[in-house]
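Have a look at the structure below before the remarks.
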Amino acid sequence: MKYTLERFTDEVRSVIAATGRVAPELIETATPKSNIPADLAFPAFRAAKALGLPPPQLASELAASITLAPDSLIGAVSATGPFLNFSLHPQRLAEAVLAEVAQMGAAYGTHTDGADQMIVVDYSAPNIAKRMHVGHIRSTIIGQSLVNIFRALGYTVVGDNHLGDWGKQFGVVLAAIELYGRPDAVGEAALEALEAQYARYAAAAKDQPQLDEAARHWSLRLEQGDAQARDLWQWCVDLTMHAAQRNYDRLGVHIDHAYGESFYEHMLPDVIAEALDKGVAQREEGGAVVITDLEKLPTFLLQRSDGGTLYMTRDLATVLFRLTEFKPTRIVYVVGEPQALHLRQLFALTHAMGHALATDLVHIAFGTVFDASGQPLSTRRGNMVYLESLLDEAVARALAVVEQKSPDLPAEEKQAVAEAVGVGAVVYNDLYQDTKRNITLDWDRMLATEGNSATYLQYSHARCCSILRRAEADGSDITHAALLIHPAEVSLIKHLARLPAALREAGERYAPFVIADWCYTTAREFGVFFEQCPVLKAEQSALRSARLALVAATAHALRVGLGLLGIQAPERM
RNA sequence: GGGGCUGUAGCUCAGUUGGAUAGAGCAGCGACCUUCUAAGUCGUUGGUCGUGCGUUCGAGUCGCACCAGCCCCGCCA
């Protein structure tokens, strides 16, 4: 099926073609700037050049020779200088868009572009035996939003949480537990204690070499499948994942799999052997396996000289596993920008070995979070911000606002609204701008409840719900849609019609901010409508009913948009 | 030394097959609550689009060179 604006664009191209004066390949369309009173433009420069005419002359000749069908979505055609401008027919637009939203409901805006295509999305990836912190929130939030967006585009999507549950540092975790005991705290507090033990052990090992030895021994026992080591390790995994799940639940995150790095341990010898067999990698005299001269990339290692494996080894095994397990057309890595080179090397290596030749390997790099003074966040610096406390703080601040603005809500609902608003603010802070940019942690901006903020979007939605609640109507009567010709109504309807295109663009650009931007503009358009067009007190009952339908459509569309971002849409606040 | 990302209003950001007068929010100033949620709406102030060349009817957008910030460049992840 085609959405209204797609049909409008098709129609514009077709009426230009029907004049017989412009070759099809020269029919291009552009969206006019907001100061131009038109919805689609045909810049006549190229076509005029081909005909040897001045562009304004061609534009006006075309305008004169275009004829419109009686039921056309095009309301007006006019030449303005070298541009041929087309305007939507407001009444037919209103009828078409409201019918679409009413019919599709929660599926409004979705497409079937990705039918029969599988995308694997690698995101979140917290480290075992550690708390999640701001370093993990970006991958988690951006990744989940991309998953939502691709699903809405019709793709089959598998999310995989590539847990940091293996590697050299795990020996230290286990040795520290042996020496200091298992923390008896629960949840994040237990992880905090484990982190402290880790730091204490690492510090002590500096002048007690036997501690270093013990850690290596534990690491070895773990790799060899020793039962006690494996039990301790499993305890750490369960503890961490239980704590992580609470954060995921609050953030609306659901990740299908969590294979983790450890899952690939037994595949590593074969992977290294394959790279050597295919001549992509070479074993140096010292024993290390290196990859050199690959697509002008810097040399990198697949195996250490002591026989140990590396991040790269496990990542390579991971790609190969995903290719056979899921047969994806695309694998998307939602990983920070500092790892850009590592992933370029991984992708090049995979291709050089003859794998993933029909699969797109994509790195969606996001910027780093810095503190207010421009320093990277780190435990060592003492400026680390942990995810759970970040969310708690956001919710606490939101609760204070709810108490002040809506003192009459039941206590339970106040808490629920504060949770939605606080968590929504944190999520929106990561999604409202291009993910490539670095972020400076600024509480006031992050938790803003005005302007371009999650709260503003939620508030707009709640206002829609409030009108429908008071009208005791669901806005499903769209028979009077053609009455919606007030500029604020037309403008809002046009914008609702843009959601399908915004969704497609968000997918093509891997850019949740396109959806955020659409939501924000929707809220602004609704704000103007809200001020200028009374719904409950509309002058006629038919108009009231049409406006109720528009309010319902706005609420529907906003819920879709917020849902794509992973932000809740309370009905009251 | 090589490579990646970024540079647009005082601050945070949009501006993508090159198109018409470069747009928002925040901050500042001013207006609007006996009318559907003022967490709102309207008005106003604020710009050598990092710099310089080039490509063309036309450049914030494309190319080249430079400048600044962040990040990366084999035995961590």
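Side chains included, hydrogens not; waters and symmetry mates left out as well; all remaining heavy atoms used. Each chain gets a letter, A, B and so on, in the order the sequences are listed, and its residues count up from 1.
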Flag the pair A/Tyr259 / A/Phe321 as yes when their ring centroid distance falls below 6.0 Å, and as no otherwise.
yes

Dot-bracket notation for RNA chain B, counting Watson-Crick and G-U pairs under 3.5 Å, with | for partners on another strand
(((((((..((((.....[...)))).(((((.......))))).....(((((..]....))))))))))))....

In numerical order, the residues of residues 509-520 of chain A whose heavy atoms come under 4.0 Å of RNA chain B are A/Arg509, A/Phe513, A/Asp517, A/Tyr520

Base-contact (B) and sugar-phosphate-only (S) positions in nucleotides 28-38 of chain B, heavy-atom cut-off under 4.0 Å, - elsewhere
-------SBBS

I need a per-nucleotide contact map over nucleotides 70-77 of chain B, read 5' to 3'. Cutoff is protein heavy atoms under 4.0 Å; write B for the base, S for backbone only, - otherwise.
SSSSBBSB

Regarding the side chain of A/Arg437, the nearest nucleotide among B/rG7, B/rU12, B/rG19 is B/rG7

Should A/Phe83 be counted as stacked on B/rG19, where stacking needs a ring-centre gap under 5.5 Å and an angle between planes under 30 degrees?
no

List the steps, then state whether ring-ring contact (aromatic ring centres under 6.0 Å, His included) holds for A/Tyr510 with A/Phe366.
CA-CA 11 Å; A/Tyr510 299 91; A/Phe366 52 83; over 10 Å; no

For B/rA27, does the base pair up with any side-chain atom of A/Asp444 as donor and acceptor (N or O, under 3.5 Å, distance only)?
no

Taking atom [atom1] in both [N] and [M], what distance in whole Å separates the two?
N	M	atom1	value
B/rG46	B/rC62	C1'	30 Å
B/rU37	B/rG50	C1'	45 Å
B/rA77	B/rC71	C1'	16 Å
B/rC26	B/rU45	C1'	14 Å

Pair up each side-chain donor or acceptor in residues 439-448 of chain A with any protein partner under 3.5 Å, not counting sequence neighbours, and list the distances.
unit_1, atom_1, unit_2, atom_2, d
A/Asp442, OD1, A/Asp444, N, 3.0
A/Asp442, OD1, A/Arg445, N, 3.2
A/Arg445, NH2, A/Thr440, O, 3.3

Check the phosphate of B/rC57 against A/Lys49, side-chain N and O only, distance under 4.0 Å to OP1 or OP2. Yes or no?
yes

On the nucleotide B/rC5, are OP1 or OP2 found under 4.0 Å from the side-chain N or O atoms that A/Lys436 carries?
no

Within a reach of under 6.0 Å around CG of A/Asn35, are more than 12 heavy atoms found that belong to other residues, nucleotides or ligands?
yes

Please report, to 0.1 Å, the donor-acceptor pairs under 3.5 Å made by any side chain of residues 525-538 of chain A, with sequence neighbours excluded.
unit_1, atom_1, unit_2, atom_2, d
A/Glu525, OE1, A/Ser491, OG, 2.8
A/Glu525, OE2, A/Ser491, OG, 3.2

Angle between ring planes, A/Tyr264 versus A/His162, binned at 30° and 60°: parallel, tilted or perpendicular?
tilted

Do the rings of A/Phe347 and A/Tyr333 sit parallel, tilted or perpendicular, given the 30° and 60° boundaries?
tilted

Kindly say whether A/Leu346 contributes a backbone atom to a donor-acceptor pair with the side chain of A/Thr350 at under 3.5 angstrom?
yes

For B/rG74, is chi within 90° of 0 (syn) or not (anti)?
syn

Determine if the base of B/rC73 is syn or anti; take syn to mean the glycosidic torsion is within 90° of 0.
anti

